[in-house]
2 protein chains.
Amino acid sequence: MPTDSHASMADVARLAGVSVATVSRALRGSPLVSAETTARVTAAADELSFAISRAASGLARGRLGRIGVLVGAPLRTWFSGSVLDAVYARLAQADVELTIFRTQDAAEREAFFTRLPARRNVDALIVASFELTGAERARLASLDLPLVYLNQRVRGVPSVAIDDAGGMQEGVQSLLDHGHRRIGFVRTDLRQPGFVFSSDRRIEGYRRAMAAAGVPEQDLVVLSAPSPDAGELVARSYRALADPPTALAVDSDDLALSVLVELDQGGVRAPRDISVIGFDDHAYAARMGLSTVAQPVDDLGTEAADLALMLAAGEVPTHPDVLVATRVVHRLTTGPVPTPGPR
Amino acid sequence: MPTDSHASMADVARLAGVSVATVSRALRGSPLVSAETTARVTAAADELSFAISRAASGLARGRLGRIGVLVGAPLRTWFSGSVLDAVYARLAQADVELTIFRTQDAAEREAFFTRLPARRNVDALIVASFELTGAERARLASLDLPLVYLNQRVRGVPSVAIDDAGGMQEGVQSLLDHGHRRIGFVRTDLRQPGFVFSSDRRIEGYRRAMAAAGVPEQDLVVLSAPSPDAGELVARSYRALADPPTALAVDSDDLALSVLVELDQGGVRAPRDISVIGFDDHAYAARMGLSTVAQPVDDLGTEAADLALMLAAGEVPTHPDVLVATRVVHRLTTGPVPTPGPR
DNA sequence: CTGTTAGCGCCTTCAT
DNA sequence: ATGAAGGCGCTAACAG
């Protein structure tokens, strides 16, 4: 007597008085099964509280019904979390499960690329915002596993990304439109030679906007932070400047917020004394009133999931390279150039 | 000729000149296989870039090597993310995969509990910080799937949790120690009758601390917020108070931060004019200098994963109910009672 | 220590 | 429209 909770198709078949083949067909909604039989099978399955075993089904079909997401940062990170949320939602609609692979440090990273635990265990892999070495890319490619790159473009690999440079260019342009001319850029400098990070692309947007506005190259000022919470350091270098910019474009909201807090401590307030614009539209950006270049993470995740789903199904995506648009959001930290005078 | 990336054990066996059973044993490091043979098999597996199919292995062993986490909130949430990070780390050590189930709204929730997609597809399920109805608990229990509850205690179900009331009691006590007597409590009131949220337990800690300090019941003041970002509302009610408290204990950092920002806008600054303590130790608490009752989410996740792993292995945990300690962290928002006088 | 033999639970021809 | 049979890739006795 099988216990309810471990009922197998054989049990359902017995109870419904049909063969397991019929149960299988009925449960997948095959039109080859008569309505009456389907009803009987469904009832029996409910009765036994039967659920299909994905392992068995996957083994037989050669498709696991599971897609992996490789995340290069802690999951608690705003970006990782948002991407996972969006991917999850889309996969759930397709009744596909999500399994996570994380490589938040060198050790995990090496483990992933030597063991390749995703191999043969997911139908497709979404590689989320992750700067890969050539060797790593090659290793992934050798997997013969459908891949989707998120915020990284690689020849021949379907991808979805934002235009970092273009987004930042618009952000800086909005500062220029406010009348600012002396605009500084604050970057997170992870100092990992050989990689191109989004920060590198974003600073490019700053350069382009300034060049287009006719600001001479030598008037650009770039402040570096070793990590996204190094606002104090940045605030210090800012104060040390002989002729401080009236506006700052920062390569991430995280850093921008940190900088704002520290500037505030020193009596420099936005937008009264300075304009600050971030990048990402981090959850706390809205809450703190930070103006920013919004990156539509939800869209990134959804599009990536769509591509992965198609590839997993063996279909060939018509638009394998998706570019999603950023959007400048003005909140409370940007405004006109402060008029000099007593504070 | 099998392609590298789809090599199966049979291919490895052929190349190594042994049987598949030996390959299976060798790869799992069975001591029954001679060192020499193991070496040969390993070499062949590498050569073919072979990886085990968890689906097949799981099917044969009756264990999937996969544990699920059911999360009741968006994944981008500080709590979800942190728990997932910790669980992931622990599972990875045991070479167990993590699959996510999310029920962030009524629709997802109903879908989960009617379809029970975790059934027969994970070896154990961690139910993370999630207020379940009796019916839902019963449905889960009927699953005959090992369960671990995180931050929710249920008779007969292994669990790991913090002492919400005790933690808050200590937090409020630290305010009392600073000399405060008029201490208000700010709570997030989700208004879902029938559920007991952590907020309800935390306010209890406030009551206990105040009672122990001999503050009469009628001097307690409780401010309610409909959501964790409703600081403005709270700040308004605070200002409307005839005899405003000199300190505020808030049931979450999220809300505390929101309140702080709004108070600040109105010229009320911590700790100069008011002391504020939160609860959680959210990532932004440290960054914003918020004093708080730290909840060790990492430990919660790790312990939950340990329990799940044991249960999945069929072992009986010796300590099925783990209580992890909170810790009061003083940063910049708490201090002595402000001395009245000109500001 | 290694090979042989049965499945694990489902899906998919191929018959009927 | 349904059933029978074989196999997906691996593991677990059971032999030897």
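Here is the naming used below: chain letters follow the sequence lines, and residue numbers restart at 1 for every chain.
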Please state how far atom [atom1] in [X] lies from atom [atom2] in [N], giving the value in whole angstrom units.
X       : N      : atom1 : atom2 : value
B/Leu59 : C/dA6  : CG    : C1'   : 13 Å
A/Arg61 : C/dC10 : CZ    : C1'   : 10 Å
A/Leu32 : D/dA1  : CG    : C1'   : 8 Å
A/Leu64 : D/dG9  : CG    : P     : 12 Å
A/Arg25 : D/dA4  : CZ    : P     : 11 Å
A/Arg63 : C/dC10 : CZ    : C1'   : 15 Å
A/Met9  : C/dG9  : CE    : P     : 12 Å

Among the nucleotides [options], which one has an atom lying closest to any side-chain atom of [X]?
X       : options               : answer
A/Thr37 : D/dA1, C/dT2, D/dC10  : D/dA1
A/Ala60 : C/dC11, D/dC10, D/dT2 : C/dC11
A/Val20 : D/dG3, C/dC11, D/dA12 : C/dC11
A/Val33 : D/dA12, C/dG9, D/dT2  : D/dT2
A/Ser53 : D/dG9, C/dC10, D/dT2  : C/dC10
A/Ile52 : D/dG9, C/dC10, D/dA1  : C/dC10
A/Arg28 : C/dT12, D/dG9, C/dC11 : C/dC11

**Request:** May I have the step-by-step check of side-chain contact (heavy atoms from CB on, under 4.5 Å) for A/Ile67 and A/Val122, ending in yes or no?
**Result:** CA-CA 5 Å; A/Ile67 281 179; A/Val122 291; 5.6 Å; no
**Request:** May I ask you to say what B/Val18 touches in the nucleic acid, namely base, sugar-phosphate or nothing, with a heavy-atom cut-off under 4.0 Å?
**Result:**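 Sugar-phosphate: the residue B/Val18, judged by heavy atoms under 4.0 Å, touches backbone atoms but no base.
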Does [N] have OP1 or OP2 under 4.0 Å away from a side-chain N or O of [X]?
X        : N      : value
B/Ser57  : D/dT11 : yes
B/Thr22  : C/dG3  : yes
A/Arg120 : D/dC10 : yes
B/Ser24  : D/dT11 : yes
A/Ser34  : D/dT2  : yes
A/Ser19  : D/dA4  : no

**Item:** Lys/Arg N to Asp/Glu carboxylate O, A/Arg61 vs A/Asp123, below 4.0 Å
**Value:**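 No, no charged N to carboxylate O under 4.0 Å.
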**Any N/O donor-acceptor pair, A/Arg54 side-chain to C/dG9 base, under 3.5 Å** = no
**Message:** I want to confirm an ordering. Mapping B/Ala35 and B/Ala56 to their closest nucleotides on DNA chain C, which one lands closer to the 5' end?
**Reply:**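 That would be B/Ala35.
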**Request:** Between B/Ala21 and A/Val23, just flag the one whose closest nucleotide in DNA chain C comes earlier from the 5' side.
**Result:** B/Ala21
**Asked** side-chain contact (heavy atoms from CB on, under 4.5 Å) between B/Val69 and B/Tyr88: does it pass, once the steps are laid out?
**Response** CA-CA 10 Å; B/Val69 179; B/Tyr88 181 90; over 6 Å; no
**Message:** For a quick check under 3.5 Å, do B/Ser80 and B/Arg102 share a side-chain donor-acceptor pair by atom type?
**Reply:** no
**B/Leu309 CG to B/Thr302 OG1 distance, which is reported to the nearest 0.5 Å** = 11.5 Å
**Message:** Quick one, A/Asp85 with B/Gln104, criterion side-chain contact (heavy atoms from CB on, under 4.5 Å). Give me CA distance, side-chain angles, the key distance, then yes/no.
**Reply:** CA-CA 10 Å; A/Asp85 263 324; B/Gln104 66 170 24; 4.0 Å; yes
